[in-house]
Undergrad: 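Starting off with a structure, shown below.
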Protein chains: 2
Amino acid sequence: MTTMKAAQKRAQAKVEYNAFLAGCPSRQLLDRISDKWVVLILCALGGDNSRGQTGAAHADTPKAMRYSEISRLLAGVSQKMLTQTLRSLEHDGLLTRTVTPTVPVTVSYELTDLGLSLHHMTRGLRNWAQTHMAEVLANRENYDARTS
Amino acid sequence: MTTMKAAQKRAQAKVEYNAFLAGCPSRQLLDRISDKWVVLILCALGGDNSRGQTGAAHADTPKAMRYSEISRLLAGVSQKMLTQTLRSLEHDGLLTRTVTPTVPVTVSYELTDLGLSLHHMTRGLRNWAQTHMAEVLANRENYDARTS
DNA sequence: AGAGAAACTTCCTATCGGGAAGTAGGCACT
DNA sequence: AGTGCCTACTTCCCGATAGGAAGTTTCTCT
């Protein structure tokens, strides 16, 4: 990693990434995005906030949200994890952090195009969880009954 | 009404589950599937094993794999986590575990239809990680340069 | 008899997430 | 003037959890 320009390196490396390899950067990236808080934050910022509309694809209305808004929507997230996860997503360029020096300072977060592209995946995950919940529950009962 | 058909039940349940609520079962399910080992195992069993083909969608050839095969493919997974994760996926009905009493016992794992449907999501995640790796790397450099 | 192989299981420890309390800095009310 | 409250964090402590390594079981081959 010395004389090659970053852009060149990236272009060449694209073919080489394989998330199954422990040392591969794409594996680390996959590890990071395979995180419950990452998925939920992307869903929140991607606009599929309320319940319902789980099955059908509907227009995304990605919207900027304030720290406290996200905190309220993602019931159960600790402030520490929220801040930490938002920072890492900002670091990777998935969202932008904007500070407005209002009365009490206002910080808003918004998905970038890159973040939006990942949002398509996370929205799918959330929808899957909600639509197949009943099936999974049935399978669990079944399994527990068999192994009792 | 216990005579409700599964499809109906699912359709109704859809409206009720909301992964944003901390207590909702679908939230717990989302937490479980938003796990790096879950994603990688599903990718492995779903058939997109080798490197390459990062961008284009290609035919899945879900295949049964032995414990040791998975262990070898997912470099870096500990035996404990592999066993644990496979059990939880079996418990939820995403894959089947088959023991064949051969010379040294052979255990093979295979995706169920439910697991296969989730595989579509996880494959997307893996592809996303591999195709956008370069972009993320660039964003990180950028971020670090700005905040240095 | 002893080695070896597959698929775990158990134990120990390092790391990580959650809970709660503390911080900054500006306004607003008494 | 001082007390208190607001947002968006940061810090600290502790219990839960992931990882590494070694042990277990059962059978076969040498």
Side-chain angles (χ1 to χ4, degrees), chain A residues 19-24 27-41 44-45 63-91 95-110 143 147, chain B residues 19-24 27-41 44-45 63-91 95-110 143 147:
Chain A
F20 281 130
L21 300 174
C24 185
R27 165 68 164 273
Q28 287 157 16
L29 182 58
L30 186 58
D31 287 355
R32 186 160 288 170
I33 63 180
S34 304
D35 176 81
K36 57 176 176 177
W37 298 126
V38 168
V39 171
L40 284 169
I41 288 175
L45 289 174
K63 72 170 185 183
M65 290 180 78
R66 299 184 53 181
Y67 181 90
S68 51
E69 276 184 284
I70 304 176
S71 174
R72 234 171 291 120
L73 183 58
L74 304 196
V77 68
S78 68
Q79 292 184 315
K80 185 175 112 182
M81 279 317 294
L82 183 53
T83 303
Q84 207 175 94
T85 308
L86 286 169
R87 284 288 146 75
S88 85
L89 293 176
E90 186 198 1
H91 187 234
L95 51 80
T96 56
R97 177 175 181 271
T98 314
V99 180
T100 316
T102 47
V103 191
V105 71
T106 303
V107 181
S108 71
Y109 296 90
E110 192 165 14
Y143 183 95
T147 59
Chain B
F20 281 130
L21 300 174
C24 184
R27 167 67 165 274
Q28 286 156 17
L29 182 58
L30 186 60
D31 287 355
R32 187 161 286 172
I33 63 180
S34 304
D35 175 80
K36 58 177 175 176
W37 299 126
V38 168
V39 172
L40 284 169
I41 288 174
L45 289 173
K63 72 170 184 182
M65 290 179 79
R66 301 184 53 180
Y67 180 89
S68 51
E69 276 185 283
I70 304 175
S71 174
R72 235 172 290 120
L73 183 58
L74 303 197
V77 68
S78 68
Q79 293 185 316
K80 186 176 115 185
M81 279 317 294
L82 183 53
T83 302
Q84 206 175 94
T85 309
L86 286 169
R87 284 289 145 76
S88 86
L89 292 176
E90 187 198 359
H91 187 234
L95 52 80
T96 57
R97 178 175 180 271
T98 314
V99 180
T100 316
T102 49
V103 193
V105 72
T106 303
V107 181
S108 72
Y109 296 90
E110 192 165 11
Y143 184 94
T147 59

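The basis for the numbers below is simple: all heavy atoms, side chains too, and nothing from hydrogens, waters or symmetry mates.
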Undergrad: Both B:Q84 and B:T102 contact DNA chain D. Which one's nearest nucleotide lies toward the 5' end?
TA: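 Going by which nucleotide is closer to the 5' end, it is B:Q84.
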Undergrad: Holding to side chain to side chain contact (heavy atoms under 4.5 Å, CB included), I want the full list of residues that pass it with A:V105, two or more places apart in sequence or in another chain.
TA: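 Once residues adjacent in sequence are excluded, the partners of A:V105 under the side chain to side chain contact (heavy atoms under 4.5 Å, CB included) criterion are A:V99.
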Undergrad: Do any pairs count as a salt bridge (Lys or Arg N to Asp or Glu O under 4.0 Å) and have a residue in residues 29-41 of chain B, sequence neighbours left out, and if so which ones?
TA: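 Passing the test, one end in residues 29-41 of chain B: A:D31-B:K36, A:K36-B:D31, B:R27-B:D31, B:R32-B:D92.
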Undergrad: Which residues within residues 28-39 of chain B lie with some heavy atom under 4.0 Å of an atom in DNA chain C?
TA: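 Hits under 4.0 Å, by residue number: none.
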Undergrad: Starting the side chain at C-beta, find the nucleotide from D:dA8, C:dC27, C:dC8 nearest to B:V107.
TA: C:dC8
Undergrad: Taking only the side-chain nitrogens and oxygens of A:R97, find out if one of them lies under 4.0 Å from OP1 or OP2 of D:dC9.
TA: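 For A:R97, the contact criterion (side-chain N or O under 4.0 Å from OP1 or OP2 of D:dC9) is met.
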Undergrad: Would you kindly give the CD1-to-C1' distance between B:I70 and C:dC8, to the nearest whole Å?
TA: 13 Å
Undergrad: Under 4.0 Å from OP1 or OP2 of D:dT7: is there any side-chain N or O of A:R66 that close?
TA: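 Looking at the OP1 and OP2 atoms of D:dT7, neither is under 4.0 Å from any side-chain N or O of A:R66.
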Undergrad: Is the phosphate of D:dA8 approached by A:T83 (side-chain N or O, under 4.0 Å from OP1 or OP2)?
TA: no
Undergrad: Please round to the nearest 0.5 Å and tell me the distance separating atom CG of B:L45 and atom CD1 of B:I41.
TA: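 Nearest 0.5 Å value for the CG-CD1 distance: 7.5 Å.
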Undergrad: What donor-acceptor contacts under 3.5 angstrom involve side-chain atoms of residues 80-88 of chain B, with partners at least two apart or in another chain?
TA:
from: B:T83; atom 1: OG1; to: B:Y67; atom 2: OH; distance (Å): 3.2
from: B:T83; atom 1: OG1; to: B:Q79; atom 2: O; distance (Å): 3.0
from: B:T85; atom 1: OG1; to: B:M81; atom 2: O; distance (Å): 2.6
from: B:S88; atom 1: OG; to: B:T85; atom 2: O; distance (Å): 3.1

Undergrad: Does OP1 or OP2 of D:dA8 have a side-chain N or O of A:S68 closer than 4.0 Å?
TA: yes
Undergrad: Identify which nucleotide among C:dA6, D:dT7, C:dC8 has an atom closest to any side-chain atom of B:R87, counting heavy atoms from C-beta outward.
TA: C:dC8
Undergrad: Can you tell which of D:dC9, C:dG17, C:dA6 lies closest to the side chain of A:Y67?
TA: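 Of the candidates, D:dC9 comes closest.
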Undergrad: Considering non-hydrogen atoms only, spot the tightest contact between B:E69 and B:M65 and give its length.
TA: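 Closest pair (atom of B:E69, atom of B:M65, distance): OE1-CA, 3.4 Å.
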Undergrad: Got a second to check how far A:Y109's OH is from A:L95's CG, nearest 0.5 Å?
TA: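 Output value for this atom pair is 8.0 Å.
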Undergrad: In this structure, how many angstroms lie between the P atom of C:dG18 and the CG atom of A:L40, rounded?
TA: 11 Å
Undergrad: Where do N or O atoms of nucleotides 20-25 of chain D meet protein N or O atoms at under 3.5 Å, pair by pair?
TA:
from: D:dA22; atom 1: N6; to: B:Q79; atom 2: OE1; distance (Å): 3.4

Undergrad: Within the 4.0 Å heavy-atom criterion, would you say A:T106 contacts the bases, only the backbone, or no part of the nucleic acid?
TA: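 Sugar-phosphate contact only.
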Undergrad: For A:A19 and A:L30, work out which heavy atoms get closest and say how close.
TA: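 For A:A19 versus A:L30, the nearest heavy atoms are CB-CD2, 3.9 Å.
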Undergrad: Indicate whether OP1 or OP2 belonging to C:dA7 is found under 4.0 Å from a side-chain N or O atom of B:R72.
TA: no
Undergrad: Using the test side chain to side chain contact (heavy atoms under 4.5 Å, CB included), find all partners of B:E110 that sit at least two apart in sequence or belong to another chain.
TA: B:A64, B:T96
